[in-house]
Amino acid sequence: MSEVKKDKKPILLSGIQPSGHLALGNYVGAMRNWVNLQQDYLGIFMVVDMHAITVRQKPAHLRNRCLSFAAQYLAAGIDPSKNVIFMQSHVPQHAELAWVLNCYTYMGELNRMTQFKDKSKRHEDNINAGLYAYPALMAADILLYQTDLVPVGADQKQHLELTRDIANRFNNTYSPTFKVPEPFIPKAGARIMSLQEPDKKMSKSDANENNYISLLDPPDVLRRKIKRAVTDSAREITPESPNSSGIGNLITIYSVLNDTSVDAVAQQFAGQQYSNFKGELADSLVAFLEPFQDRYNKVIGEKGYLTGILDEGANRARYMATKTLSKVYRKIGFVPAGRS
Ligand code: ATP
Ligand code: LTN
């Protein structure tokens, strides 16, 4: 009886592109919720390497980063015995369903995607078709597994809405085929801002590494980055500080790390110098990241253990994905293969 129940857990799915260095924004906006929600869901967590090549990557760096990101998923607390963890490119059904979904996605929809517009500006010399069609691949990632919930940061809301539209369009054209997924965007920390340019989001592949906190930054680097983080010209924390972009962002980070609200933090530090508060924030960060980095170092030192988890994850994922893809092929009228 309990076995049956276990299999029926709803599906939680998310992924991160192996570009740059996994950053505090990724942890707070996404990974933290993967960890918190894993008890109640069957978690499917991918390193989305096929998405990452929409921007040029150096092959050796990409290879190392893919393993490093998977190890960081484990270090963050994703339990590999309860969840499915794998490399997107190990499951060919993602590319196969993406092609189909491309044919159910309008150019007018893709033209509106802000991530495409932002990345086109950042990579003017390489505005490729993959970057443009990226949302259809993301929709495939999600819809292949009949996903219930997708925990992501606020920047992914638009892609999730498009995924839902594509799912509904397909379901209405044929018959119910895909579960229509819900986004899970946290109330606090859905958009952690850059440390030096607090009006733009913290991005893990920012050219300026002072703009982000890498989850693998050593303590002295963490302290230096926080110390240098841009604030406004006031000196002391007040109840209004959460509304000021630079210091407000630091308060948000502190509140998330200490599991409290931004207003409570502003009250706790009211009247204190920014420099004092930054010192406390740096202490919190170091205390949080040191054990994370210890766990990471153990996992990354055992390559066989990590690749074993990824192989098993890919096997399970292929099994689940094949079911949905076969259904899709049948509904659109493809002749079944291997019937002779
Ligand atoms: P890149 O700069 O390499 O394009 P990124 O930092 O924007 O990457 P993604 O791989 O696009 O990261 O996103 C991974 C997850 O982290 C997504 O769920 C995304 O919403 C979340 N995320 C990214 N940046 C932030 C941020 N600054 N605050 C909160 N969540 C974020
Ligand atoms: N597009 C996302 C990464 C991503 C993703 C997914 C997130 C690819 N496939 C499936 C959730 C579910 C990004 O750029 N952050």
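Counting starts at 1 for both ligands and their atoms, following the listed order. In this chain, numbering begins with 1 at the start of the sequence shown.
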Run through ligand 1 for me and note each protein residue having a heavy atom under 4.0 Å from it, chain first, then residue number.
Ile16, Gln17, Ser19, Gly25, Asn26, Gly29, Ala30, Lys119, Arg122, Val152, Gly153, Asp155, Gln156, Gly189, Ala190, Arg191, Ile192, Lys201, Met202, Ser203, Lys204, Ser205

Partner of Tyr73 by ring pair (Phe, Tyr, Trp, His ring centres under 6.0 Å), out of Trp34, Tyr27, Tyr296
Trp34

Is atom NZ of Lys200 surrounded by more than 12 heavy atoms (other residues, nucleotides or ligands) closer than 6.0 Å?
yes

Suppose we screen for ring-ring contact (aromatic ring centres under 6.0 Å, His included). Which residues come up paired with Phe170, at least two apart in sequence or across chains?
Tyr104, Tyr174, Phe178

Please output the residues near ligand 2 using a strict heavy-atom distance under 4.0 Å, listed in chain and residue-number order.
Leu13, Ser14, Gly15, Gln17, Val48, His51, Gln115, Tyr134, Met138, Asp141, Ile142, Val150, Val152, Gln156

Salt bridge Arg169-Glu109, side-chain N to carboxylate O under 4.0 Å
yes

Strictly under 6.0 Å, is that where the ring centroids of His159 and Phe116 end up?
no

Would you mind checking if Asp148 and Lys179 are paired as a salt bridge, meaning a charged N to carboxylate O distance below 4.0 Å?
yes

Heavy atoms of other groups near Glu236 CD, more than 12 under 6.0 Å:
yes

Got Glu197 and Asn211 here, is their nearest side-chain heavy-atom distance under 4.5 Å?
yes

Atom pairs and distances, donor-acceptor, side-chain atoms in residues 297-313, under 3.5 Å, two or more places apart:
| residue | atom | partner | partner atom | Å |
| --- | --- | --- | --- | --- |
| Asn297 | ND2 | Gln293 | O | 3.1 |
| Thr307 | OG1 | Lys303 | O | 3.0 |
| Thr307 | OG1 | Gly304 | O | 3.3 |

